[in-house]
Participant: 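Dropping the structure in here first, questions after.
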Amino acid sequence: MAPHPRQSGKVHEVPMIPRFALVRARTLDQAFAAVDGGDAAFLAGGTELLQVMKMRLAQFGTLVDIKPIDELHGIEARSDGSLRIGAATTHREIERSALVADAAPGLARLASGVANVRVRNTGTIGGNLAFAEPHSDPATFLLACGATVELAGPGGRRRVPVDEFVLGPLTTAREANEILTSIDIPAAAGGEGRTYAKLAFFERPAVSVAVRARLEAGEVRAATVAVGSIGETPAIVPEAGAALVGVPVGDGRDRRFEEALDRARGAFGSVDAVDDLNGSADYKRHLAGVLLDRAAREAVREAIANA
């Protein structure tokens, strides 16, 4: 039997987060002032940022806790059917929200599968988007839905579509002194379904696919397909969505629908993908095709129910 580490005299060091000052901001102006010209970063849930700091991949002398800012919280269903979610809203709150379940049930299901309960209770949707970790859940679904984010800075506010916000791994359109304040999800049209499917390893999606499909007169009139986690950023696959348009649907098993799915899967062959610990680029493209099948069928079923 191998000796216990203490008996063997070996010392096992536990990575520690470098020392930092913590500032709790209660207003946006307080938060902006705290990072002005300093070695500072905003902190929301901290599930990603603190891990990065522990691994010494980034260091900040000051962390500005923005969770106490009231404006960053809450879920609001607007009169036009759109949904506003405060950036500091946790995944768990989204998972349990009746408003989300009604307006965007695919997002509620997605939130229920983020990592684990500890992360869902702490991590926030805004922090997840602002961190732009390639293997995360919300961005792919929000991209397919045509969602936008609102950014606030000392100079004012601006709105950015999700497809223009995530620029690369750990890189977004947010300036260092800007705070992501909210996410806006358009209302689902009548006869529309919005779904998400993923394959996860080690509590992170290895491949994910989101489908938005609108039905009219028994056929698909519009479709958007987004794929995530197989490349550096989530991306719309226009050819995959186009392959589904004009196809009649019944219970999702019509021969012409099956043929359309085959064409849509073929569009993943040109998607940018990278080899990593989750598998080769070709393997992940194949998995994306499998997930597309599931997500598209579910989107059709949801669209029929919403017609």
Side-chain angles (χ1 to χ4, degrees), residues 25-32 42-45 47 65-114 120-132 136-166 172-175 177-190 192-196 210 212 214 224 226 228 234 236 302 306:
R26 299 195 175 278
T27 67
L28 290 174
D29 286 340
Q30 288 178 359
F32 299 147
F42 295 119
L43 173 72
T47 55
D65 183 4
I66 59 176
K67 259 193 171 177
I69 301 175
D70 289 339
E71 178 185 341
L72 304 184
H73 292 269
I75 299 171
E76 175 190 357
R78 296 193 173 107
S79 58
D80 63 357
S82 64
L83 204 61
R84 178 199 179 274
I85 302 178
T89 304
T90 66
H91 302 294
R92 188 69 161 161
E93 290 171 319
I94 293 170
E95 172 188 354
R96 293 174 144 186
S97 168
L99 291 177
V100 176
D102 181 59
L107 180 61
R109 292 190 295 269
L110 178 157
S112 71
V114 170
R120 294 199 294 276
N121 275 325
T122 305
T124 65
I125 188 169
N128 182 285
L129 289 173
F131 200 77
S136 65
D137 291 283
T140 305
F141 179 82
L142 295 173
L143 179 62
C145 290
T148 61
V149 301
E150 182 186 77
L151 300 170
R157 298 177 185 249
R158 61 191 179 109
R159 297 173 64 84
V160 182
V162 169
D163 65 344
E164 298 176 12
F165 179 71
V166 180
T172 70
R174 184 185 70 86
E175 300 293 338
N177 61 352
E178 286 185 312
I179 292 175
L180 197 162
T181 59
S182 66
I183 297 93
D184 289 279
I185 304 172
E192 183 172 282
R194 303 184 292 193
T195 60
Y196 176 80
R212 179 184 187 184
R214 181 173 60 83
T224 302
I236 298 290
E302 185 174 302
N306 292 337

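Sequential numbering from 1 along the given sequence is applied to the chain's residues. Keep in mind it's a predicted model, so treat the numbers as computed, not measured.
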Participant: Which pair of non-hydrogen atoms, one from R214 and one from A189, has the smallest distance, and what is that distance?
Facilitator: CD-CB, 3.9 Å
Participant: Can you name the closest pair of heavy atoms from A77 and L99 and give their distance?
Facilitator: CB-CD2, 4.0 Å
Participant: Closest heavy-atom contact between P186 and G146?
Facilitator: CG-O, 3.5 Å
Participant: Holding to side chain to side chain donor-acceptor pair (under 3.5 Å), I want the full list of residues that pass it with T172, two or more places apart in sequence or in another chain.
Facilitator: none
Participant: Nearest 0.5 Å please: distance from the CG atom of L143 over to the CD1 atom of I236.
Facilitator: 3.5 Å
Participant: Answer yes or no: is there an ion pair linking R194 with E302, defined by an N-O contact shorter than 4.0 Å?
Facilitator: no
Participant: Kindly determine whether T195 and R109 satisfy side chain to side chain contact (heavy atoms under 4.5 Å, CB included), including the steps that lead there.
Facilitator: CA-CA 9 Å; T195 60; R109 292 190 295 269; 3.9 Å; yes
Participant: What's the separation between atom CD1 in I85 and atom CD1 in I125, rounded to the nearest 0.5 Å?
Facilitator: 5.0 Å
Participant: Under the rule for side-chain contact (heavy atoms from CB on, under 4.5 Å), what residues qualify as partners of D102, not counting sequence neighbours?
Facilitator: none
Participant: Indicate yes or no: at least one non-hydrogen side-chain atom of R174 is less than 4.5 angstrom from one of V149.
Facilitator: no
Participant: Between V100 and A108, what is the shortest heavy-atom contact and its length?
Facilitator: CG1-N, 3.7 Å
Participant: By side-chain contact (heavy atoms from CB on, under 4.5 Å), which residues pair with R159, not counting sequence neighbours?
Facilitator: T148, D184
Participant: Report the residues that fulfil side chain to side chain donor-acceptor pair (under 3.5 Å) with E95, sequence neighbours left out, ordered by chain and then residue number.
Facilitator: R92, R120
Participant: Check this for me: R96, atom CZ, are more than 12 non-hydrogen atoms of other residues, nucleotides or ligands nearer than 6.0 Å?
Facilitator: no
Participant: Quick one: are N128 and V114 in side-chain contact, heavy atoms under 4.5 Å?
Facilitator: no
Participant: So, taking the atom named CZ in R26 and the one named CG in D65, what distance separates them when rounded to the nearest 0.5 Å?
Facilitator: 9.0 Å
Participant: Evaluate the side-chain proximity of T90 to N121: yes if any heavy-atom separation is below 4.5 Å, no if none is.
Facilitator: no
Participant: Rounded to the nearest 0.5 Å, what separation is found between the CG atom of L142 and the CD1 atom of I183?
Facilitator: 7.0 Å
Participant: Quick one: CG on L151 to CZ on F165, what's the gap to the nearest 0.5 Å?
Facilitator: 5.5 Å
Participant: Determine yes or no for a side-chain-to-main-chain donor-acceptor pair under 3.5 angstrom, with H73 supplying the side chain and K67 the backbone.
Facilitator: yes
Participant: Please give me the minimum heavy-atom distance between G153 and E178, naming the atom from each residue.
Facilitator: CA-CG, 4.1 Å
Participant: With sequence neighbours left out, what residues match E71 under salt bridge (charged side-chain N to carboxylate O under 4.0 Å, His left out)?
Facilitator: R157
Participant: Taking side chain as C-beta onward, heavy atoms only, is L107 less than 4.5 Å from Y196?
Facilitator: no
Participant: With E93, which residues qualify under salt bridge (charged side-chain N to carboxylate O under 4.0 Å, His left out), at least two apart?
Facilitator: none
Participant: State whether the side chain of T140 and the backbone N or O of A210 hold a donor-acceptor pair below 3.5 Å, judged by distance alone.
Facilitator: no
Participant: Working to the nearest 0.5 angstrom, can you tell me the gap between C145 SG and L83 CG?
Facilitator: 10.0 Å
Participant: Should T124 and L72 count as side-chain neighbours, where that means a heavy-atom distance under 4.5 Å?
Facilitator: no
Participant: For the pair R78 (side chain) and S82 (backbone), establish whether a donor and an acceptor sit closer than 3.5 Å, ignoring hydrogens and angles.
Facilitator: no
Participant: Cut-off 3.5 Å, side chains only: do D29 and T27 have a donor facing an acceptor?
Facilitator: no
Participant: So which atom in A132 and which in V166 form the shortest heavy-atom distance, rounded to 0.1 Å?
Facilitator: CB-CG1, 4.3 Å
